[in-house]
Amino acid sequence: TMFGNKQTEGLIQSICRNIYSKIESEMIHGTDFAVTVSFLEVYSENLRDLLASPQKGKSLKMHRDPKSSSLNIKDLQTVSVTSFEDLLSYVALGLSTRNSATACSRSHRSNVILKIFLEQRNYKDEIIKSSSIQLVDLAGSDKLDRHSEPSIPSDEIKKINLSIDTLDNVVRSLAGTSTAETDGRPLSDSHRAPYRDSNLTKLLQEAIGGNSKTTVLLASSTSKQNQE
C-alpha cells in the first residue's frame with residue numbers, strides 16, 4: 001500500500017528513504033539540498049491541510065494565478081525537512097488526522113497528496129535545479145450509498161464519489177484523445193478532459209496531462225464480493 005502498516009513499510013516511506021539516500025550521496029560532492037513538503041487532503045470536495053492543527057484545519061480555497069497559470073492553495077503550509085526521520089514525522093502527523101468517513105470504514109474516503117519540493121544547489125558550478133514529487137493516495141474506489149453508509153448525508157456521499165468518478169472520466173477522455181490523435185481524427189467534445197469538474201482533478205491536472213512523469217499503482221481485489 002502507499003502508507004503501509006505497522007508490519008510493512010509503504011511505498012511512500014520507501015520513496016522518501018530513497019530520496020534522502022540520494023541526497024546524502026550527492027552532498028559528499030559539494031551539492032546542497034533544500035527539501036520542503038506539504039500534505040493536503042481532499043474529502044467531499046473540501047481541501048484540508050493535514051499539517052495544520054485541528055483548530056486551524058479549515059477548508060482551504062484554491063485559485064489559478066492569471067500570470068503563471070499555476071494553481072495556488074491559500075494558507076496551505078509548506079514545512080522544511082532536514083532528514084528522512086523528520087519527513088516521516090510529518091507524514092505520521094498528517095495521517096493521524098486523515099478522514100476515513102466513518103470510524104468503522106475499512107478504506108479511507110479521502111484522497112491525500114504529499115508534495116515534496118526539492119532544490120539542488122551546486123556552488124562549484126553555480127547551478128540551481130528544482131523539482132517536485134507528488135505522492136498521491138486515492139480514496140477507495142468502492143462507491144458509497146445510503147445503504148452502505150446510512151450515517152453520512154446524501155450530499156456528502158455524492159461529493160465523496162465525485163472525485164473518483166471525475167478522475168475516471170478524465171482518464172477515459174485522455175485515452176480517447178490519444179486514440180484520436182493516433183488515427184488523425186479531429187477531437188470531439190467527448191475527448192475534452194473534464195479537469196474542472198472536481199477539486200481532485202484540478203490538483204492532479206499537471207501530473208495527469210502536464211509535463212510530468214506519472215506512475216499509477218492499482219491495488220485491486222479478485223474477490224467476487226468486491227465486484228461491481
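Quick note: numbers below take in every heavy atom, side chains included, and nothing from hydrogens, waters or symmetry partners.
You'll find the side chain of R48 reaches within 4.5 Å of the side chain of T97, heavy atoms only. A 4.5 Å side-chain heavy-atom check between I113 and L135 finds every atom pair outside the cut-off. Within the 4.5 Å cutoff, the side chain of R121 has no heavy atoms near those of the F33 side chain. Residues I116 and V35 are in side-chain contact: their nearest non-hydrogen atoms beyond the backbone lie under 4.5 Å apart. Inter-residue side-chain proximity for M62 and L203 is flagged as met; some heavy-atom pair is nearer than 4.5 Å. Residues V136 and L204 are in side-chain contact: their nearest non-hydrogen atoms beyond the backbone lie under 4.5 Å apart. Between L93 and L50 there is no side-chain heavy-atom pair separated by less than 4.5 Å.
Looking at every heavy atom in both residues, A193 comes nearest to S173 through CA-CB, 3.7 Å. Listed here is the closest heavy atom pair of S198 and L162: CB-CG, 4.2 Å. Closest non-hydrogen pair, M2 versus Q13, comes out as O-OE1, 3.5 Å. Across all their heavy atoms, S80 and D86 have their closest contact at O-OD2, 3.9 Å.
Side-chain contact annotation: E119 with S130, donor-acceptor N/O pair under 3.5 Å absent. S163 and E45 are linked by a side-chain donor-acceptor pair at a separation below 3.5 angstrom, with hydrogens and angles left out of the test.
Distance check: D49 CG to Q77 CD gives 5.0 Å after rounding to the nearest 0.5 Å. The line from OG1 of T201 to OH of Y195 is 8.5 Å long, rounded to the nearest 0.5 Å. One finds the CD1 atom of I160 at 3.5 Å from the OH atom of Y43 (value rounded to the nearest 0.5 Å). Once rounded to the nearest 0.5 Å, the distance linking CG of D32 with CG of N122 reads 10.0 Å. Here CD1 of I133 is found 11.0 Å from OG of S212. Values are rounded to the nearest 0.5 Å. Rounding to the nearest 0.5 Å places OG of S89 at 10.5 Å from CZ of F84.
Ion pairing between a basic and an acidic side chain is recognised when a charged N comes within 4.0 Å of a carboxylate O; D75 and K61 show no such pairing. For the pair E9 and R17, the salt-bridge criterion is met [side-chain N within less than 4.0 Å of a carboxylate O].
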Subject >> Intermediate values then yes/no, salt bridge (Lys or Arg N to Asp or Glu O under 4.0 Å), D137 and R98 >> reply: CA-CA 11 Å; D137 187 28; R98 183 180 182 181; 2.8 Å; yes
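Residue-environment remark: CD (E206) stays at or below the threshold of 12 foreign heavy atoms within 6.0 Å.
V91 and F117 are assigned to two separate hydrophobic clusters, defined by single-linkage of ILVMFWY side chains at heavy-atom distances under 4.5 Å.
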